[in-house]
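Here the structure comes first, spelled out in structure tokens, and everything after it is commentary.
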Amino acid sequence: MNSDTGGWARERLLAEVGGIFSNTQRSSVTCAVCTGPSGAPLCPQCRAHRETFGDRLADLVLPLAYVRGRMRPAHQSEHHMYGYKGIPPAPKCRRDLLLMVFAATSLHGDCIAKAVGSRWDAVTFVPSVNRPGRRDHPIAQLADQVISRQRPVWRPTVIPGPGASQVDRTPRADGFAVAASDREPLAGRHVLVVEDTWVSGAKAQSVAVALKDASASVVTVLAIGRWLRYDWKDHKAFIDSLCQPYDALVCPLTGVRCPN
């Protein structure tokens with residue numbers, strides 16, 4: 001991506017969401033997978049997921065920004081995530097999230113490729129159980145904002161499985177499935193999965209399991225919002241420590257600015 005476009009995306013996001021979101025952090029006090037506050041390399045949820053599913057989970061999880069949930073009054077980051085999902089979506093919330101996906105995949109694609117050994121050559125999203133149609137949920141439009149060197153990028157269809165309604169805090173192998181017509185061409189591909197909000201990660205990881213079981217070689221999850229809870233003591237302390245505005249140049253993988 002050229003520097004002019006990178007600079008434009010950064011300045012636009014600083015103006016639009018800089019005071020709303022904060023970049024996620026990868027440090028000694030956050031989970032290496034979900035970037036939530038943790039006193040160990042993996043938080044209890046991500047550790048339990050790994051113990052159950054191992055390499056069938058996503059190879060890389062990249063939350064972009066923290067959502068400060070359960071604050072009173074509600075924080076604007078929470079309003080933004082609910083507003084984007086509204087029927088109809090709030091226009092500003094929708095535009096801001098679309099731009100965040102565009103900027104992240106434009107500016108940091110090389111970092112992602114270096115981390116897992118290849119560029120993504122397929123893009124999909126975590127489908128809504130209640131609104132599963134591709135054009136029936138705004139997350140489909142988020143996936144459309146992914147920038148890829150491959151034109152057009154292949155988009156395998158993921159559908160809710162028989163266990164989709166039971167996916168809560170633990171991934172399920174039957175939570176989602178790859179459409180039968182897409183299983184054979186999926187073999188050996190690196191799939192980028194777009195998720196709007198990571199809470200426990202169970203749905204996104206269930207999609208990763210479905211893709212791996214259908215022969216995808218690499219799965220990367222790109223989640224816009226990492227949901228935190230202000231009513232949890234450890235989350236409250238972490239939320240209170242967040243003071244820097246969201247900067248699109250800060251890499252969600254390295255935690256430092258990438259050159260534009």
Side-chain angles (χ1 to χ4, degrees), residues 31-35 42 45-64 101 104-106 108-129 132-134 137 139-164 166-167 170-198 200-224 252-253:
C31 174
V33 173
C34 71
T35 71
L42 295 180
Q45 283 185 333
C46 289
R47 183 172 63 250
H49 298 172
R50 184 65 58 185
E51 290 171 351
T52 302
F53 289 98
D55 291 341
R56 294 164 74 193
L57 299 177
D59 300 276
L60 185 63
V61 176
L62 296 173
L64 298 181
V101 172
T105 55
S106 299
H108 307 297
D110 289 341
C111 293
I112 296 170
K114 183 177 180 180
V116 296
S118 67
R119 270 258 179 182
W120 60 82
D121 54 3
V123 176
T124 191
F125 55 90
V126 179
S128 169
V129 175
R134 175 167 173 75
H137 196 287
I139 194 170
Q141 297 176 2
L142 294 181
D144 288 341
Q145 297 305 301
V146 171
I147 299 299
S148 175
R149 289 178 177 170
Q150 181 173 329
R151 287 287 190 270
V153 65
W154 185 56
R155 300 185 181 278
T157 299
V158 175
I159 56 178
Q166 281 75 53
V167 175
T170 302
R172 290 180 61 108
D174 63 350
F176 296 91
V178 176
S181 60
D182 289 340
R183 294 178 68 87
E184 184 174 347
L186 186 65
R189 289 183 180 265
H190 175 182
V191 186
L192 182 72
V193 179
V194 178
E195 172 67 300
D196 46 32
T197 310
W198 179 289
S200 68
K203 289 183 179 178
Q205 292 288 27
S206 293
V207 169
V209 169
L211 290 165
K212 288 287 190 73
D213 287 354
S215 71
S217 62
V218 178
V219 175
T220 296
V221 173
L222 179 71
I224 295 180
L253 181 62

Checklist entry - Does the pair Val33 and Gln45 meet the rule for a side chain to side chain contact (heavy atoms under 4.5 Å, CB included), with working shown? => result CA-CA 10 Å; Val33 173; Gln45 283 185 333; over 6 Å; no
So [Y] and [X], do their side chains get closer than 4.5 Å, heavy atoms only?
X	Y	answer
Pro127	Val207	yes
Val101	Val146	yes
Ile139	Glu195	yes

Looking only at heavy atoms, what is the nearest atom pair of [X] and [Y], with distance?
X	Y	result
Val129	Pro160	CA-CG, 4.3 Å
Pro252	Pro63	CB-O, 3.9 Å
Ser206	Pro171	OG-CA, 3.2 Å
Ala208	Ala58	CB-N, 3.5 Å
Ala210	Phe176	CB-O, 3.4 Å

Heavy-atom donor-acceptor pair, [X] side chain to [Y] backbone, under 3.5 Å:
X	Y	answer
Asp121	His190	yes
Arg172	Val167	no
Asp174	Pro162	no
Arg56	Ala173	no

Nearest 0.5 Å, please: how far is [atom2] in [Y] from [atom1] in [X]?
X	Y	atom1	atom2	value
Leu64	Trp198	CG	CH2	12.5 Å
Ser106	Gln145	OG	CD	9.0 Å
Ser200	Gln205	OG	CD	9.5 Å
Asp55	Arg50	CG	CZ	6.5 Å
Thr220	Arg119	OG1	CZ	11.0 Å
Glu51	Leu57	CD	CG	11.0 Å

Checklist outcome for this item: Residues at least two apart in sequence or cross-chain that pass side chain to side chain donor-acceptor pair (under 3.5 Å) with Thr124, listed by chain then number, are none
Checklist entry - For Ala48, what residues pass the side chain to side chain contact (heavy atoms under 4.5 Å, CB included) criterion, not counting sequence neighbours? => result none
Item to check | Leu253 vs His108, side chain to side chain contact (heavy atoms under 4.5 Å, CB included): CA-CA, chis, key distance, verdict | outcome: CA-CA 8 Å; Leu253 181 62; His108 307 297; over 6 Å; no
Checklist entry - Going through the checks in order, is the side chain to side chain contact (heavy atoms under 4.5 Å, CB included) test met by Gln141 and Phe125? => result CA-CA 10 Å; Gln141 297 176 2; Phe125 55 90; over 6 Å; no
Item to check | Reference residue Val194; test side-chain contact (heavy atoms from CB on, under 4.5 Å); the match among Val221, Val126, Thr105, Leu142 | outcome: Leu142
Checklist outcome for this item: The residue among Val219, Leu186, Val218 that forms side-chain contact (heavy atoms from CB on, under 4.5 Å) with Lys212 is Val219
